[in-house]
There are 2 protein chains.
Amino acid sequence: MQHSLKTIFPNFSNELIATIEENGSLQDFEAGTILMRTGQYIKNTVLITKGKIKIYREGEDGGEFLMYYLQPGQACAISMICTAKSEKSQIMAKVVEDVTVMMIPLQLMDKWMMEHRSWYEFVIETYRSRFEEVLEVVDNIAFRSMDERLEFYLKRHSDACGCSEVNLSHQEIATELNTSREVVSRLLKKMEQRGLVKLNRNQIELLNFNH
Amino acid sequence: MQHSLKTIFPNFSNELIATIEENGSLQDFEAGTILMRTGQYIKNTVLITKGKIKIYREGEDGGEFLMYYLQPGQACAISMICTAKSEKSQIMAKVVEDVTVMMIPLQLMDKWMMEHRSWYEFVIETYRSRFEEVLEVVDNIAFRSMDERLEFYLKRHSDACGCSEVNLSHQEIATELNTSREVVSRLLKKMEQRGLVKLNRNQIELLNFNH
DNA sequence: TTAGGTCTGTGATAAATGTTACTGTAGATT
DNA sequence: AATCTACAGTAACATTTATCACAGACCTAA
């Protein structure tokens with residue numbers, strides 16, 4: 001394996017790593033694949049080792065309201081919560097950059113909680129961080145107007161990729177914020193006039209985003 | 001004890017109940033008490049045995065955006081998540097009806113996960129149900145307009161109390177939906193005209209809420 | 001019963017956002 | 001080069017929500 005699990009999940013104990021390698025199955029999925037649908041039953045806990053997955057809530061009109069992204073070293077909190085009770089998922093998960101994931105059968109996820117301290121801590125920390133992220137999302141839509149939300153959205157993207165270019169069309173952004181392209185275009189134009197961004201085709205350069 | 005823990009938390013094993021009674025401390029709080037503030041460190045996991053607690057997100061302007069209510073038999077998911085890592089809370093918790101809660105020191109909450117299967121299951125189920133509730137909140141503010149959100153809000157209230165009267169002023173409702181009183185008044189009036197509710201002072205009777 | 005408070009209703013207006021319609025531009029395809 | 005398509009900009013207008021202003025209803029306490 002090119003990148004060992006131990007590198008990606010440094011807090012896992014060696015025994016846990018060994019157990020995962022023995023019992024889990026590595027799978028690849030292409031960008032665009034939908035890994036989880038609203039209402040679907042979940043049979044596995046998913047650990048991301050490569051790529052990027054988008055967790056979103058689907059609107060009746062086809063909106064894809066962004067909750068958060070999952071990246072290497074992270075796990076899908078929903079898949080953990082649901083597997084524990086074998087419940088239906090309430091969200092959608094779509095691959096946005098080709099991923100490799102480690103699938104762990106639900107019984108094991110549950111069993112390891114008792115046997116591996118580092119697994120237990122990882123699961124709890126996953127719950128906590130995802131819960132917090134969703135709370136931040138609520139904050140934004142409840143209290144902020146679209147221009148602030150757009151700024152926050154762009155900031156999250158650049159934080160996530162570590163660069164200052166966001167390669168998305170206005171339409172894609174609009175979909176994830178559940179608004180219309182025109183609104184995004186307008187607001188971006190204003191941001192450009194304020195010197196916050198530079199607009200190119202399919203790309204937004206963030207300039208003074210140190211706030 | 002008037003209502004035994006076993007009645008309120010029927011899924012707890014007898015040993016767990018005994019351990020809780022031995023190590024936890026019962027405390028009463030009056031309506032209006034703020035049990036948890038944004039940014040505050042959390043030292044206890046909280047089980048509700050009587051009364052009602054409101055979990056909300058505070059806006060800069062004093063808005064109290066409702067996330068959900070906690071009632072007897074439930075526990076504060078945030079307090080569990082945060083205690084596990086002794087993290088700061090990201091929400092506010094306010095007593096809305098005089099409560100009695102069982103406070104459990106954080107080390108025990110963590111320890112019991114390994115020792116008591118019924119505690120483990122309770123914690124996981126708490127995570128799951130609260131996460132889902134927050135997702136539903138996101139759904140509402142992301143995809144629905146104020147009139148739909150108001151209907152949903154009223155429905156949740158009547159579901160929670162089991163009756164069809166909601167005893168709140170328009171101002172209180174507006175605060176929890178982060179809108180203004182006038183908007184709530186107007187929308188309620190329209191709902192009255194549609195025969196959905198009957199409006200009294202400090203009370204809204206739900207009529208045909210079977211949808 | 002009067003006075004003061006809270007709660008509710010409603011009109012007028014402003015601001016934010018959504019919608020429609022149209023234009024132009026860059027890049028890909030033929 | 002001609003054509004096609006996705007993307008971006010923008011004006012005009014509709015709708016929703018927020019804000020301001022004010023009046024009447026109800027309740028409580030003096």
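Values in this document were obtained by computation on a predicted structure and should not be read as measured data. To find a chain, count down the sequence lines: A is the first, B the second, and so on, and within it residues start at 1.
- Qualifying side-chain contact (heavy atoms from CB on, under 4.5 Å) partners for N200(A), counting only residues two or more places apart in sequence or in other chains: K198(A), Q203(A), E205(A).
- Protein chain B contacts DNA chain C over a range whose 5' and 3' limits, counting nucleotides with an atom under 4.0 angstrom from a non-hydrogen atom, are dT6(C) to dA12(C).
- Side-chain contact between N23(B) and W112(B) is present, with heavy atoms from C-beta onward closer than 4.5 Å.
- The base of dA8(D) is paired with the side chain of R181(A) by a donor and an acceptor separated by under 3.5 Å.
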Detail all sub-3.5 Å separations between protein N/O atoms and N/O atoms belonging to nucleotides 15-19 of chain D.
{"from": "dT17(D)", "atom 1": "OP1", "to": "M146(B)", "atom 2": "N", "distance (Å)": "2.8"}
{"from": "dA18(D)", "atom 1": "OP2", "to": "T179(B)", "atom 2": "OG1", "distance (Å)": "2.3"}
{"from": "dT19(D)", "atom 1": "O4", "to": "R186(B)", "atom 2": "NH2", "distance (Å)": "2.9"}

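- Partners of E30(A) by salt bridge (charged side-chain N to carboxylate O under 4.0 Å, His left out), not counting sequence neighbours: none found.
- The distance from atom NZ of K190(A) to atom P of dA8(D) is 18 Å, rounded to the nearest whole Å.
- For the salt bridge (charged side-chain N to carboxylate O under 4.0 Å, His left out) test, no residue two or more places apart in sequence or in another chain qualifies with D61(B).
- Dashed line: the shortest gap from a side-chain N or O of H170(A) to OP1 or OP2 of dA6(D) is not under 4.0 Å.
- Counting only distance, with no hydrogens or angles, the side chain of T33(B) and the backbone of F29(B) share no donor-acceptor pair below 3.5 Å.
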Side-chain polar contacts of residues 181-190 of chain B - donor-acceptor pairs under 3.5 angstrom, sequence neighbours left out - could you list them?
{"from": "S185(B)", "atom 1": "OG", "to": "H170(B)", "atom 2": "ND1", "distance (Å)": "2.8"}
{"from": "S185(B)", "atom 1": "OG", "to": "R181(B)", "atom 2": "O", "distance (Å)": "3.4"}
{"from": "K189(B)", "atom 1": "NZ", "to": "E192(B)", "atom 2": "OE1", "distance (Å)": "2.9"}

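- For N11(A), there are no side-chain contact (heavy atoms from CB on, under 4.5 Å) partners, not counting sequence neighbours.
- At whole-Å resolution of the value, CZ in R201(B) and C1' in dG24(D) are 11 Å apart.
- Residues satisfying the salt bridge (charged side-chain N to carboxylate O under 4.0 Å, His left out) criterion with R156(B), sequence neighbours excluded, are E133(B).
- Rounded to an integer number of Å, the gap from M191(A) CE to dG9(D) P is 13 Å.
- R37(A) meets the salt bridge (charged side-chain N to carboxylate O under 4.0 Å, His left out) test with no other residue; sequence neighbours excluded.
- To the nearest angstrom, C1' of dT10(D) lies 14 Å from CG of L188(A).
- For the pair K189(A) NZ and dT10(D) C1', the computed distance is 10 Å after rounding to whole Å.
- Across the protein-nucleic acid pair, I204(A) atom CD1 and dC7(D) atom P stand 13 Å apart, rounded to whole Å.
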